[in-house]
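We use all heavy atoms of the structure for the numbers below, so side chains are in, but hydrogens, waters and symmetry mates are not. Keep in mind that this is a model prediction, so the values were computed, not measured. Note on naming: letters A, B, ... go to the chains in the order of the sequence lines (proteins, then strands), and numbering restarts at 1 for each one.
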Amino acid sequence: MALCFYDTLSRNKKAFEPIESGKVGLYTCGPTIYNYAHIGNFRAYMFEDLLSRYLGFRGYAVKHIMNLTDVEDKLIRTCRENGESLQVVTERYANAFFEDLDTLGIRRAEAYPAATDHIDEMVDMIKALRDKGHTYEAEGSIYFRLSTFEGYGKLSHMDMEELRDGASGRVDNDEYESGDARDFVLWKAYVEEDGEVYWETELGKGRPGWHIECSAMSMKYLGDHFDIHCGGVDNIFPHHENEIAQSCCATGAKFVNYWLHCAHLVVDGKKMSKSVGNFYTLRDLIDKGIDPMAIRWVLLSTHYRQPNNFAFEAVDGAKQALQRIRDFRQRLSEVQGAGDGLEERCAQCEAAFVKALDDDLNISGALGAVFEFVRAVNKALDDGVAGVDGAQQALSLLDKLDEVTGLFGEASDGAVAPDEIIARVNQRQQARRDKDFALSDEIRDSLAAEGWIIEDTPDGARVKRI
RNA sequence: GGCGGCAUCGCCAAGUGGCUAAGGCAGAGGCCUGCAAAGCCUCCAUCCUCGGUUCGACUCCGAGUGCCGCCUCCA
């Protein structure tokens with residue numbers, strides 16, 4: 001079966017066919033950089049990382065664009081509260097964001113365009129919409145008139161007639177100045193609370209609405225019509241719905257071919273919330289001493305359309321699973337002597353891995369295939385069947401699949417024992433040769449207390465970090 | 001109130017209208033080991049509840065329960 005994705009618009013799995021053979025234009029909604037991102041945010045970016053990596057693995061040249069929202073209500077409020085400029089705040093959190101991406105092994109997109117660097121593009125787009133009669137002005141702000149776009153609501157399957165009532169009760173009709181409660185703002189006229197945050201443009205003094213940035217920037221970098229657009233399910237309405245309306249009305253062209261949305265992350269089965277005390281930024285977890293790769297494992301290993309339950313027990317499980325892979329690598333790298341190759345095993349594993357991911361990124365199935373491979377190869381090594389060649393093939397396969405998962409690499413820092421530890425390991429080896437097992441065990445226990453585990457192998461002792 | 005999603009072993013998590021319901025972690029027993037660790041072997045669920053469709057459902061439909069999301073700017 002060919003590569004397919006579940007498309008939110010059609011509510012169906014569709015075989016993936018790029019607009020231009022061999023190439024993929026991918027736009028993913030990025031963070032509003034007004035605070036540290038939380039692990040729920042990273043669940044989305046992790047899914048997009050997997051998507052992008054896998055498309056690359058399947059031979060596509062991926063052009064991945066992720067926006068940074070650096071002008072928006074919450075940001076302006078933060079600036080006001082902190083007495084800091086927009087630039088200071090956004091620079092701080094943009095830097096933190098990129099650090100966090102690195103911590104989690106999320107690969108960089110090709111570009112991270114910021115909204116404030118694309119005011120001109122947004123203004124041009126709003127002008128185009130105005131020229132075509134899709135907008136109206138109220139008190140200096142410019143709104144998009146939804147009634148001019150008949151496709152509105154198709155993505156979210158919303159019934160527009162019912163939305164009109166403002167059923168959530170959040171629409172304050174007294175303050176409402178636009179013609180229809182569903183209409184959204186393209187350009188916000190300046191108000192005093194905005195402080196230093198404004199642009200003098202042909203549309204007047206003010207700032208862009210939120211939705212317009214993604215339309216303007218995605219089309220600038222990927223063209224009017226591109227392949228894949230991603231985000232969290234909460235973006236479906238109204239953000240992506242609005243993007244479709246703006247973009248289609250501005251260009252008259254189809255906007256996006258595949259809409260992919262990931263489900264949310266919950267913690268211990270509950271919605272993350274500060275008042276419940278289960279709200280975590282990545283930094284919170286790292287401060288607890290959790291291996292970032294274990295976090296990566298947890299965020300990645302649930303299918304993206306499935307709610308991901310972040311539980312600390314699952315983190316422990318992920319840590320052990322990682323250790324199993326790392327021990328396996330270690331073992332493979334130490335194999336000596338001739339023996340059978342593992343071509344068939346490797347091919348089998350890769351085929352199962354690809355088959356799973358081809359099916360709308362079934363990562364769980366793919367990981368299952370890898371563990372079956374690990375067990376089979378361990379057995380072949382136990383039985384003395386496989387040799388150096390096979391071990392090298394297995395390592396190559398892990399490296400290859402690591403390009404997709406980012407989970408199968410070698411342990412990073414702190415895994416190499418310092419000389420002082422090595423000396424004690426050697427001391428223990430001597431004690432063992434002398435049959436002084438009391439001393440031997442004492443050394444082993446003391447090393448364990450410091451976080452170093454000894455494994456005796458036929459070729460000598462091996463130390464590893466817990 | 002409207003719309004949508006999810007509910008599988010202690011934990012995480014795949015999956016199929018009908019062979020023995022993946023995999024990881026944890027757990028039990030065994031092999032290996034001076035003892036361990038690692039590895040290997042064996043064991044460990046009938047799929048939220050209640051109805052219905054069907055020769056047959058965990059997989060389809062309905063109701064219920066629970067959790068999650070959206071309903072004007074939250075991944």
Side-chain angles (χ1 to χ4, degrees), chain A residues 11 28-32 37-48 69 72-74 156-159 161-163 165-171 176 178 181-185 209-211 230-239 241-242 261-266 268-271 297-298 301-303 305-325 327-328 330-331 352 356 359 362-372 374-375 377-383 432 435-438 440-441 444-445 448 453-458 461-462 464:
Chain A
R11 307 257 161 151
T28 61
C29 283
T32 298
H38 59 68
I39 54 172
N41 298 128
F42 286 112
R43 197 267 165 113
Y45 307 137
M46 192 65 80
F47 142 65
E48 289 151 2
T69 297
E72 185 261 359
D73 292 352
K74 290 192 298 290
S156 56
H157 293 210
M158 286 286 194
D159 182 341
E161 291 308 308
E162 293 184 1
L163 273 180
D165 298 337
S168 67
R170 283 189 235 170
V171 175
Y176 222 77
S178 59
R182 303 169 300 162
D183 294 337
F184 59 92
V185 68
W210 175 46
H211 308 294
C230 300
V233 287
D234 53 309
N235 276 154
I236 295 172
F237 189 91
H239 185 53
E241 200 76 74
N242 291 352
H261 293 97
C262 74
H264 278 196
L265 174 113
V266 295
D268 295 327
K270 296 285 177 195
K271 179 183 180 176
W297 193 293
V298 172
S301 59
T302 300
H303 182 85
R305 283 190 289 115
Q306 205 67 222
N308 182 325
N309 185 15
F310 190 93
F312 285 95
E313 262 186 280
V315 175
D316 290 339
K319 182 184 171 189
Q320 293 306 315
L322 264 177
Q323 192 60 55
R324 181 162 160 84
I325 298 288
D327 286 349
F328 180 58
Q330 174 80 25
R331 184 179 190 191
D359 182 12
N362 180 353
I363 185 66
S364 308
L367 291 176
V370 172
F371 278 107
E372 279 172 9
V374 170
R375 179 158 34 79
V377 173
N378 266 323
K379 185 165 170 52
L381 294 172
D382 281 357
D383 295 346
R432 292 183 69 214
K435 304 283 183 201
D436 184 352
F437 294 121
S440 159
D441 290 351
R444 184 171 63 199
D445 291 345
I453 296 289
I454 294 186
E455 294 176 0
D456 295 323
T457 75
R462 169 199 301 160
K464 74 182 187 195

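- Taking 4.0 Å as the cut-off between side-chain N and carboxylate O, A:R375 and A:D382 do not count as a salt-bridged pair.
- Looking at A:R43, its side chain does come within 3.5 Å of a backbone N or O of A:H264 through a donor-acceptor pair.
- Contacts of A:N41 with the nucleic acid, taken as non-hydrogen atoms under 4.0 Å apart, include base atoms.
- With hydrogens and angles left out, the side chain of A:D441 and the base of B:G34 share a donor-acceptor pair within 3.5 Å.
- Here the P atom of nucleotide B:C71 and the CZ atom of A:F184 are 15 Å apart, to the nearest Å.
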Would you list the protein and nucleotides 22-31 of chain B atom pairs, both N or O, that sit under 3.5 Å from each other?
residue, atom, partner, partner atom, Å
B:A22, O2', A:E372, OE2, 3.1
B:A22, N1, A:S364, O, 3.4

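- Taking atom CZ of A:R444 as the reference point, atom C1' of B:U33 lies 10 Å away to the nearest angstrom.
- Distance, A:F237 CZ to B:C71 P: 7 Å, rounded to whole Å.
- Between A:Q306 atom CD and B:G69 atom P there is a gap of 15 Å when expressed in whole angstrom units.
- For the pair A:N308 (side chain) and A:T302 (backbone), a donor-acceptor distance under 3.5 Å is absent.
- Among the atoms of the strands shown, none is found under 4.0 Å from any heavy atom of A:K435.
- Judged by centroid separation below 5.5 Å and plane tilt below 30°, A:H264 stacks onto the base of B:A75.
- Across all strands shown, B:G34 forms no Watson-Crick or G-U wobble pair with both key distances under 3.5 Å.
- Neither side chain, A:D316 nor A:Q320, offers a donor N or O lying under 3.5 Å from an acceptor on the other.
- Comparing B:A13, B:G34, B:C6 against the side chain of A:T302 picks out B:A13 as the nearest.
- Using Watson-Crick or G-U wobble geometry with both donor-acceptor distances under 3.5 Å, B:G62 finds its partner in B:C50.
- Atom name C1', nucleotides B:G15 and B:A45: the rounded distance is 14 Å, in whole Å.
- When the P atom is compared between B:G23 and B:C3, the two are found 41 Å apart, to the nearest whole Å.
- In this model, the phosphate group of B:C40 is approached by a side-chain N or O of A:N378 to a distance below 4.0 Å at OP1 or OP2.
- In this entry B:G1 has B:C71 as its Watson-Crick or G-U wobble partner, both defining distances falling under 3.5 Å.
- Between the side chains of A:T32 and A:E72, no donor-acceptor pair is found at a separation under 3.5 Å.
- Counting any heavy atom pair closer than 4.0 Å across all strands shown, A:R462 reaches no nucleic acid atom.
- Scanning for salt bridge (Lys or Arg N to Asp or Glu O under 4.0 Å) contacts around A:D445 gives an empty result, with sequence neighbours left out.
- Counting only heavy atoms from C-beta outward, the side chains of A:C29 and A:H239 approach each other to under 4.5 Å.
- The distance between atom CG of A:N235 and atom P of B:A75, rounded to the nearest whole Å, is 6 Å.
- Residue contacts for A:H303: at a heavy-atom cut-off of 4.0 Å it reaches the sugar-phosphate backbone alone, with no base atom in range.
- Among the protein residues, A:L265 comes within range of the nucleic acid bases, having at least one heavy atom under 4.0 Å from a base atom.
- Judged by closest nucleotide on RNA chain B, A:R11 is the one of A:E455 and A:R11 placed further toward the 5' end.
- Panel note: side chain A:N362, backbone A:D359; no donor-acceptor pair is recorded below 3.5 Å.
- The pair A:R432-A:D456 meets the salt-bridge criterion, with a side-chain N (NZ, NE, NH1 or NH2) lying under 4.0 Å from an Asp/Glu carboxylate O.
- At a threshold of 4.0 angstrom between heavy atoms, the contacts of A:E48 with the nucleic acid are absent.
- At distances below 3.5 Å, at least one donor-acceptor pair connects side-chain atoms of A:S301 with backbone N or O atoms of A:W297.
- A:E72 comes within contact range of the sugar-phosphate backbone alone, with a heavy-atom separation under 4.0 Å but no base atom that close.
- B:A45: no Watson-Crick or G-U partner with both key distances under 3.5 Å is found in any strand.
- A distance of about 6 Å separates the C1' atoms of B:U16 and B:U59, rounded to the whole Å.
- Nearest-nucleotide assignment on RNA chain B puts the 5′-proximal partner with A:S440, out of A:V266 and A:S440.
- Backbone-only engagement by A:G269 is indicated by non-hydrogen atom pairs under 4.0 Å involving sugar-phosphate atoms exclusively.
- Among the nucleotides B:C74, B:C67, B:C12, the one closest to the side chain of A:N309 is B:C12.
- Across all strands shown, A:V185 has heavy atoms under 4.0 Å from base atoms, whether or not it also approaches the sugar-phosphate.
- Here the side chain of A:D382 is nearest to one of B:C74, B:C40, B:A13, namely B:C40.
- Looking at heavy-atom distances under 4.0 Å, A:I454 makes contact with a base.
- With a cut-off of 3.5 Å on both Watson-Crick or G-U wobble distances, the partner of B:C19 is given as none.
- Remark: B:C25 base-pairs with B:G10; criterion is Watson-Crick or G-U wobble with both hydrogen-bond distances under 3.5 Å.
- Put simply, CG on A:D73 is 8 Å from P on B:C74, counting in whole angstrom units.
- When the C1' atom is compared between B:U46 and B:G18, the two are found 14 Å apart, to the nearest whole Å.
- Atom P of nucleotide B:C6 and atom CZ of A:R305 are separated by 8 Å, given to the nearest angstrom.
- The gap from the P atom of B:U33 to that of B:A28 amounts to 22 Å, rounded to the nearest Å.
- If you measure from atom CD of A:E241 to atom C1' of B:C3, you get 13 Å, rounded to the nearest angstrom.
- A salt bridge links A:D383 to A:K379: at least one charged side-chain nitrogen sits closer than 4.0 Å to a carboxylate oxygen.
- Nucleotides B:C6 and B:A26, compared at atom C1', are 25 Å apart to the nearest Å.
- With hydrogens and angles left out, the side chain of A:D456 and the base of B:C35 share a donor-acceptor pair within 3.5 Å.
- For A:R43 against B:A75, a side-chain-to-base donor-acceptor contact under 3.5 Å is absent.
- Heavy atoms of A:T28 sit nowhere under 4.0 angstrom from any nucleic acid atom.
- Backbone-only contact: A:K74 has heavy atoms under 4.0 Å from sugar-phosphate atoms and none from a base.
- For B:U65 and B:A75, the P atoms lie 32 Å apart once the distance is rounded to whole Å.
- B:A21 and B:C9 have their C1' atoms separated by 11 Å, with the value rounded to a whole Å.
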